[in-house]
Amino acid sequence: MPDSAPASPPSATYPSHSSTMVKAVVLGAAGGIGQPLSLLLKTNPLITQLGLFDIVNTPGVAADLSHIATPSVVVGRLPPNDGLKEVLTGADLVVIPAGVPRKPGMTRDDLFKINAGIVKDLATGIATVAPKAFVLVISNPVNSTVPIVAEVFKKHGVYDPKRIFGVTTLDVVRASTFVAEVLGKPAEAPNVVVPVIGGHSGVTIVPLLSQSTHALPSDISADAYAALVKRIQFGGDEVVKAKDGAGSATLSMAYAGYEFSTKIIRALKGEKGIIAPSYVSLKADPAGGSALAAELGTELEFFSSNVELGTEGVVKIHSLGKLTAQEQELVKAAIPELQTNIKTGVTFVAEKYEAEEKNPKL
Ligand SMILES: NC(=O)C1=CN([C@@H]2O[C@H](COP(=O)(O)OP(=O)(O)OC[C@H]3O[C@@H](n4cnc5c(N)ncnc54)[C@H](O)[C@@H]3O)[C@@H](O)[C@H]2O)C=CC1
Ligand SMILES: O=C([O-])CC(=O)C(=O)O
């Protein structure tokens, strides 16, 4: 083709939706995570439509990706003129990496002030346009942003806890890598599976090293064990520090987000027995999460554990299994922080709606 041939127009439109199609949508698609994640999704042959939304640059990102010879039709839209609505129409899964990342010295909770509003607005769009879509929340602080999405869906009368997921895959990816390093077998990293439960920040990240597919050396010192747990819990800080003001993990997050998205798509397509870690409502479990609540010794509304996925979302939340005394202590430390984080998200939405009712112009 001559150099002067016109590029595929970024204004391409979608074919009409059918059950054989999978439409994946990325909100925040022009960002540090959004772009590589969109690239990975573009490589997935099961995806037939890829919708990209951001407040900047999505037409360019979409035009770029649209030249890749894979089945999906890519469309990128910006806010005015119903861009969000167009992108969300017919969505099967919506991944949300929209929002600000950390800088050195910040905690994930410091992002709440800005990201809570962004996530609430995007969740409102999804609840209105694509209420049946599976929603995968990456934006931090995940422990609070997932409850925000749930509260918005409740308000719109479309809440299905089986379809809303906090993406905690990066914690498992890190744990696998770090354990393989400790074992001196970095090449084994892809085969190492370490369950990581709880939430997605600091002490709420609880690695169950006793359940790793690859056992730690039996003579590992208490200090080395504690250092490994801490590295998994605070792995995000390593990247924030190394990027030195330029943001947080983007590439490893895109890898992890794609890994989770792929599992969701395979489950949507009817594959049975797909298991993935995710931060979900305990109500997503058919038994209402009672077994997990009993293990935790408390009623917690959201918790990350291995979940089994099916065509309608969460089929079952796995129990935690046998924990060592050290792991029980880690869980105990995670619970109060999770409770606070969940309450922060729920209260934010309640207050916003209360303010909107008092002043409908808001
Ligand atoms: N769950 C996890 O494991 C991880 C979560 N994160 C979080 O993901 C989020 C995104 O991180 P990065 O991609 O590095 O940030 P970034 O700043 O590079 O990209 C964020 C994108 O969101 C867009 N955006 C902002 N407001 C928006 C709106 N209302 N609608 C649509 N798009 C909007 C921005 O324009 C930007 O392109 C952060 O909150 C970060 O903390 C990051 C790493 C891991
Ligand atoms: O550390 C951050 O702020 C980003 C993140 O969630 C992670 O890398 O796990």
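Quick note: numbers below take in every heavy atom, side chains included, and nothing from hydrogens, waters or symmetry partners. Just so you know, ligand 1 is whichever comes first in the structure, and atom 1 is the first atom listed for that ligand.
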Which atoms of ligand 1 have any heavy atom of [X] under 4.0 Å away?
{"X": "Met253", "answer": "2 (C), 3 (O), 4 (C), 43 (C), 44 (C)"}
{"X": "Val56", "answer": "35 (O)"}
{"X": "Ile118", "answer": "26 (N), 27 (C), 28 (C), 29 (N)"}
{"X": "Ala249", "answer": "42 (C), 43 (C)"}
{"X": "Val100", "answer": "38 (C), 39 (O), 41 (O)"}
{"X": "Leu111", "answer": "41 (O)"}
{"X": "Phe53", "answer": "30 (N), 31 (C)"}

So which of [options] gets nearest to [atom], if we judge by its closest heavy atom?
{"atom": "atom 12 (P) of ligand 1", "options": "Ile33, Val142, Val167", "value": "Ile33"}
{"atom": "atom 8 (O) of ligand 2", "options": "Lys103, Arg174, Arg108", "value": "Arg174"}
{"atom": "atom 17 (O) of ligand 1", "options": "Gly247, Pro101, Gly257", "value": "Pro101"}
{"atom": "atom 18 (O) of ligand 1", "options": "Ala254, Gly32, Ala30", "value": "Gly32"}

Can you see whether [X] engages [Y] through a side-chain donor-acceptor pair at a distance of less than 3.5 angstrom?
{"X": "Asp171", "Y": "His200", "answer": "yes"}
{"X": "Glu301", "Y": "Ser281", "answer": "no"}
{"X": "Thr168", "Y": "Ser304", "answer": "yes"}
{"X": "Lys85", "Y": "Thr128", "answer": "no"}
{"X": "Asn140", "Y": "Thr145", "answer": "no"}

Contacting atoms of ligand 2, where contact means under 4.0 angstrom from a heavy atom of [X]:
{"X": "Gly236", "answer": "1 (O), 7 (C), 8 (O)"}
{"X": "Ala249", "answer": "8 (O)"}
{"X": "Leu170", "answer": "7 (C), 8 (O), 9 (O)"}

Check this for me: does any side-chain nitrogen of one of [X] and [Y] sit under 4.0 Å from a carboxylate oxygen of the other?
{"X": "Glu151", "Y": "Lys120", "answer": "no"}
{"X": "Glu271", "Y": "Arg266", "answer": "yes"}
{"X": "Glu312", "Y": "Lys162", "answer": "no"}
{"X": "Glu354", "Y": "Lys358", "answer": "yes"}
{"X": "Arg174", "Y": "Glu181", "answer": "no"}

Next on the checklist: Can you confirm whether more than 12 heavy atoms, excluding those of Lys243, are under 6.0 Å from its NZ atom?
Outcome noted: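 It does: Lys243 NZ has more than 12 such atoms within range.
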Checklist entry - If only atom types and distance count, is the side chain of Ser290 paired as donor or acceptor with the main-chain N or O of Ala287 below 3.5 Å? => result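 Indeed, once roles are kept as given, a pair shorter than 3.5 Å links the two residues.
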Checklist entry - ligand 1 versus Pro97, non-hydrogen atoms closer than 4.0 Å: side chain, backbone, both, neither? => result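 Backbone only.
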Checklist entry - For ligand 1, does Leu122 get within less than 4.0 Å through its side chain, its backbone, both, or neither, judged by non-hydrogen atoms? => result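 Contact part for Leu122 vs ligand 1: side chain (C-beta onward).
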Next on the checklist: Under 4.0 Å, counting heavy atoms only: does His200 come that close to any atom of ligand 2?
Outcome noted: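 His200 counts as a contact of ligand 2 under the 4.0 Å cut-off.
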Next on the checklist: Taking only non-hydrogen atoms of Val239, do any sit less than 4.0 angstrom from ligand 2?
Outcome noted: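 Judged by the 4.0 Å heavy-atom criterion, Val239 does not count as contacting ligand 2.
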Nearest neighbour in protein (non-hydrogen) for [atom]:
{"atom": "atom 19 (O) of ligand 1", "value": "Gly31 CA, 3.3 Å"}
{"atom": "atom 5 (C) of ligand 1", "value": "Ile138 O, 3.0 Å"}
{"atom": "atom 33 (C) of ligand 1", "value": "Ala98 CB, 3.7 Å"}
{"atom": "atom 34 (C) of ligand 1", "value": "Asp54 OD1, 3.4 Å"}
{"atom": "atom 14 (O) of ligand 1", "value": "Thr250 CG2, 3.3 Å"}
{"atom": "atom 41 (O) of ligand 1", "value": "Asn140 ND2, 2.9 Å"}

Checklist entry - Judging by distance only, is a nitrogen or oxygen of Asp171 under 3.5 angstrom from one on ligand 2? => result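 No, since none of the N or O atoms of Asp171 sits under 3.5 Å from an N or O of ligand 2.
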Checklist entry - N/O of Arg102 under 3.5 Å from N/O of ligand 2, yes or no? => result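 Right, the criterion is met.
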Checklist entry - Per the salt bridge (Lys or Arg N to Asp or Glu O under 4.0 Å) rule, which among Asp237, Asp110, Asp244, Asp109 passes with Arg102? => result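 With Arg102 as partner, salt bridge (Lys or Arg N to Asp or Glu O under 4.0 Å) holds for just one option, Asp237.
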N or O pair under 3.5 Å between [X] and ligand 1:
{"X": "His200", "value": "yes"}
{"X": "Asn115", "value": "yes"}
{"X": "Gly99", "value": "yes"}
{"X": "Ser139", "value": "no"}

Next on the checklist: If the test is side chain to side chain donor-acceptor pair (under 3.5 Å), which one of Gln326, Lys322, Glu327 qualifies with Ser210?
Outcome noted: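 By the side chain to side chain donor-acceptor pair (under 3.5 Å) criterion, Ser210 pairs with just one of Gln326, Lys322, Glu327: Glu327.
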Checklist entry - Relative to the ring of Phe165, is the ring of Phe134 parallel (under 30°), tilted (30 to 60°) or perpendicular (over 60°)? => result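 The arrangement is tilted - the two ring planes meet at 30° to 60°.
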Next on the checklist: Leu27 vs Leu88, test: side-chain contact (heavy atoms from CB on, under 4.5 Å). Steps then yes/no.
Outcome noted: CA-CA 9 Å; Leu27 306 181; Leu88 286 173; 4.3 Å; yes
Checklist entry - Do any pairs count as a salt bridge (charged side-chain N to carboxylate O under 4.0 Å, His left out) and have a residue in residues 329-342, sequence neighbours left out, and if so which ones? => result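 Pairs touching residues 329-342 that pass the test: Glu329-Lys332.
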